[in-house]
Amino acid sequence: MMELNIKVAENLFLSPMGCGTWAWGNRFLWGYDKTMDRELQQVFNLHVSQGVTWFDTGDSYGTGKLNGRSETLLGKFVSEYRGDHQNEIAIATKLAVYPWRLTPQSMIKACEKSAERLGRKVDLVQMHWSPAKYLPWQEKPLWDGLVQLYDQGLVKGIGLSNYGPKNLQRAYEYLGEKGVKISTLQVQYSLLSTYPFVKLGLKQLCQDLDIKIIAYSPLTLGILTGKYQDLNSLPSGPRKGLFKELLPKIHPLLKTMDVIAKSNGKTMSQVAINWCICQGTIPIPGAKNLSQARENIGALGWRLSSAEVTELENIALNLDKQMIQNIFQTN
Ligand SMILES: NC(=O)c1ccc[n+]([C@@H]2O[C@H](COP(=O)([O-])OP(=O)(O)OC[C@H]3O[C@@H](n4cnc5c(N)ncnc54)[C@H](OP(=O)(O)O)[C@@H]3O)[C@@H](O)[C@H]2O)c1
């Protein structure tokens with residue numbers, strides 16, 4: 001079943017699922033090294049050829065010697081891709097709210113740098129997080145930068161990330177007064193991170209404001225794939241401690257996901273991603289190799305029943321523990 005792209009701004013359409021590329025250049029959490037590049041290009045090509053045509057990146061994905069690596073790789077992959085859906089490719093980047101970015105011009109410069117690495121204009125520019133909790137006066141000049149990027153035609157759409165409802169409403173009104181609409185909100189959302197909907201009420205607010213929700217970490221950094229069930233086979237790096245704490249508390253969820261996956265002829269990863277779609281979000285699972293990419297793309301073309309969606313949600317809400325929230329998530 002071919003799925004229709006979603007209109008998020010006047011000239012910007014996104015496939016109902018994107019591909020996250022944080023791991024494409026990040027050594028610390030994801031163990032990236034350059035030998036992965038060949039396969040990452042195949043991952044990119046497979047996504048596009050199968051109609052998953054948009055990619056989420058960030059100017060902080062790849063730091064130090066790997067500065068901007070994810071964007072640079074995407075630039076190369078886009079320019080070399082020939083095939084189906086070529087004209088539908090869209091790149092969403094996130095501009096980090098570094099403490100030295102203080103003026104509208106600093107956002108414009110940052111976006112121009114991203115465009116340089118990408119070898120094309122950024123389609124959707126997102127503010128990676130809000131400084132409201134620690135440096136509130138930094139925010140408005142950066143919003144002004146987003147407005148100027150849109151007004152100057154340097155981007156097709158504006159998005160925010162890690163914003164809670166109060167802060168989102170403020171941004172919506174401020175940008176609205178300048179004639180610019182927020183198209184998307186990107187938050188950490190999955191069966192183990194229901195906080196943005198259940199506690200923050202972002203689903204209703206975004207519906208009211210006509211803002212599309214992008215669900216990041218829909219596999220909760222990989223734990224919902226089911227491959228890390230055993231405490232002896234945990235990933236190395238910072239995920240190890242996190243998963244060690246989560247695993248003993250989430251068995252009921254993993255078990256039900258497995259049953260539902262099998263009864264649909266799908267995998268647990270596909271169930272996790274499909275659940276996010278059924279909740280009205282656009283998920284962006286990360287994929288580091290071809291087999292992950294194939295599996296994640298298989299989350300499209302079918303839907304969980306509403307009874308399955310509710311069953312999974314009820315179990316998730318009754319767990320003793322969920323995923324910690326991003327420290328930058330605001331209210
Ligand atoms: N706005 C923000 O602040 C923010 C924050 C985080 C992420 N994001 C965005 O969201 C995207 C996705 O989130 P994420 O990468 O954090 O987490 P995720 O999508 O929940 O998990 C991705 C990881 O899970 C594993 N995996 C993926 N598919 C798999 C499969 N089919 N089978 C087995 N393992 C699989 C891979 O890691 P292993 O193979 O190493 O297990 C992969 O790197 C990011 O790439 C980024 O674009 C945004």
Side-chain angles (χ1 to χ4, degrees), residues 15 17-86 89-94 96 113-120 122 128 186 188 190 214 216-228 233-243 267-270 272-273 283-300:
S15 47
M17 170 179 128
C19 174
T21 66
W22 182 16
W24 302 12
N26 178 288
R27 232 193 270 283
F28 176 65
L29 185 69
W30 297 110
Y32 166 83
D33 77 75
K34 289 184 179 174
T35 60
M36 292 162 69
D37 291 355
R38 240 178 106 87
E39 189 162 0
L40 292 179
Q41 182 156 20
Q42 293 170 335
V43 167
F44 175 92
N45 292 347
L46 182 71
H47 274 91
V48 178
S49 69
Q50 297 301 303
V52 179
T53 47
W54 80 275
F55 296 81
D56 180 72
T57 181
D59 65 354
S60 57
Y61 291 175
T63 50
K65 278 191 187 145
L66 291 168
N67 183 40
R69 187 73 189 160
S70 168
E71 290 179 337
T72 304
L73 284 175
L74 279 170
K76 171 178 159 60
F77 300 165
V78 174
S79 73
E80 292 176 7
Y81 180 82
R82 300 284 175 277
D84 289 348
H85 306 289
Q86 192 174 337
I89 294 173
I91 307 291
T93 201
K94 298 185 290 300
K113 280 267 172 238
S114 291
E116 233 172 75
R117 284 189 286 266
L118 290 164
R120 56 183 269 144
V122 170
H128 205 149
Q186 185 177 141
Q188 179 184 294
S190 71
I214 296 169
Y216 78 70
S217 305
L219 300 168
T220 318
L221 305 180
I223 204 168
L224 290 178
T225 64
K227 72 178 173 183
Y228 295 120
S233 65
L234 294 171
S236 57
R239 282 185 295 169
K240 188 172 187 172
L242 192 63
F243 287 9
T267 66
M268 287 170 65
S269 307
Q270 291 165 346
I273 299 166
I284 46 170
K288 287 161 76 175
N289 57 45
L290 267 174
S291 76
Q292 293 180 357
R294 252 181 235 114
E295 188 174 342
N296 297 350
I297 293 166
L300 289 177

Q: Report yes if the side chains of Asp56 and Ile214 come closer than 4.5 Å at any heavy-atom pair, otherwise no.
A: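 The answer is no; the side chains never approach within 4.5 Å.
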Q: Between Arg120 (side chain only) and Arg117 (backbone N and O only), is there a donor and an acceptor less than 3.5 Å apart?
A: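 Not a single qualifying donor-acceptor pair exists.
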Q: Which heavy atom of Leu46 sits nearest to which heavy atom of Ser49, and what is that distance?
A: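 Heavy atoms only, the tightest pair is O-OG, 2.9 Å.
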Q: If you measure from CG on Asn67 to OG1 on Thr72, what distance do you get to the nearest 0.5 Å?
A: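 OG1 of Thr72 is found 7.5 Å from CG of Asn67.
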Q: Strictly distance-based, threshold 3.5 Å: is any side-chain N or O of Glu295 a donor or acceptor partner for the main-chain N or O of Gln270?
A: no
Q: If you compare all heavy atoms of Ser190 against all heavy atoms of Pro218, which two are closest, and at what distance to 0.1 Å?
A: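 Minimum heavy-atom contact is CB-O, 3.4 Å.
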Q: Quick one, Leu29 with Trp22, criterion side-chain contact (heavy atoms from CB on, under 4.5 Å). Give me CA distance, side-chain angles, the key distance, then yes/no.
A: CA-CA 9 Å; Leu29 185 69; Trp22 182 16; 3.3 Å; yes
Q: Is any side-chain heavy atom of Leu40 less than 4.5 Å from a side-chain heavy atom of Tyr32?
A: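 Yes, side chains in contact.
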Q: Identify the heavy atoms of Gly25 and Leu66 that sit nearest to each other, and give their distance.
A: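 Smallest heavy-atom distance, with atoms named: O-CD1, 3.5 Å.
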Q: Short question: side chain of Glu39, backbone of Leu290 - any donor-acceptor pair under 3.5 Å?
A: yes
Q: Ring-plane angle category for Tyr81 and Phe44, please: parallel below 30°, perpendicular beyond 60°, tilted otherwise.
A: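 The arrangement is perpendicular - the two ring planes meet at more than 60°.
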Q: Does the Lys288 side chain pair with the main chain of Trp30, one donor and one acceptor, at a distance under 3.5 Å?
A: yes
Q: Heavy atoms, side chains only, cut-off 4.5 Å: are Thr93 and Tyr61 in contact?
A: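 No, their side chains stay 4.5 Å or more apart.
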Q: Do Asp33 and Arg27 come within less than 4.5 Å of each other through their side chains, counting heavy atoms only?
A: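 Of all side-chain heavy-atom pairs linking Arg27 with Asp33, at least one is under 4.5 Å.
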Q: Can you find a pair of side-chain heavy atoms, one from Val48 and one from Asp84, that are under 4.5 Å apart?
A: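 Result no, sub-4.5 Å side-chain heavy-atom pair not found.
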Q: For a quick test of reading the model, state the closest non-hydrogen atom pair linking Ser217 to Gln188 and the distance between them.
A: CB-CG, 4.5 Å
Q: Please name the residue in the list Asn26, Asp37, Thr63, Thr21 that meets the side-chain hydrogen bond (donor to acceptor under 3.5 Å, both in side chains) test with Arg69.
A: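 Per the side-chain hydrogen bond (donor to acceptor under 3.5 Å, both in side chains) rule, the option paired with Arg69 is Asp37, out of Asn26, Asp37, Thr63, Thr21.
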Q: To the nearest 0.5 Å, tell me how far Thr53 OG1 sits from Met17 CE.
A: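 One gets 10.5 Å once the value is rounded to the nearest 0.5 Å.
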Q: Looking only at heavy atoms, what is the nearest atom pair of Val43 and Asn289, with distance?
A: CG2-C, 3.4 Å
Q: Lys94 side chain to Asp59 main-chain N or O, any donor-acceptor pair under 3.5 Å?
A: no
Q: Measure from the side-chain N and O atoms of Glu71 to the backbone N and O of Gly68, and report whether any donor-acceptor pair falls under 3.5 Å.
A: no
Q: Measure the spacing between OG of Ser70 and CG of Leu118 and express it to the nearest 0.5 Å.
A: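 Here the interatomic distance stands at 8.5 Å.
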Q: Would you compute the distance between atom CD1 of Ile284 and atom CG of Leu219 and round it to the nearest 0.5 angstrom?
A: 11.0 Å
Q: Rounded to the nearest 0.5 Å, how far apart are CG of Leu74 and OG1 of Thr57?
A: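 Here the interatomic distance stands at 5.5 Å.
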Q: Given side chains that start at C-beta, do those of Asn296 and Val52 come closer than 4.5 Å, heavy atoms only?
A: no
Q: Any side-chain to backbone donor/acceptor pair from Trp54 onto Ser15? Under 3.5 Å, distance only.
A: yes
Q: Drop me the distance from Gln42's CD to Asn45's CG, to the nearest 0.5 angstrom.
A: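 Going from the CD atom of Gln42 to the CG atom of Asn45 covers 7.5 Å.
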Q: Looking only at non-hydrogen atoms, find the nearest pair between His47 and Ala287 and report the distance.
A: CE1-CB, 4.2 Å
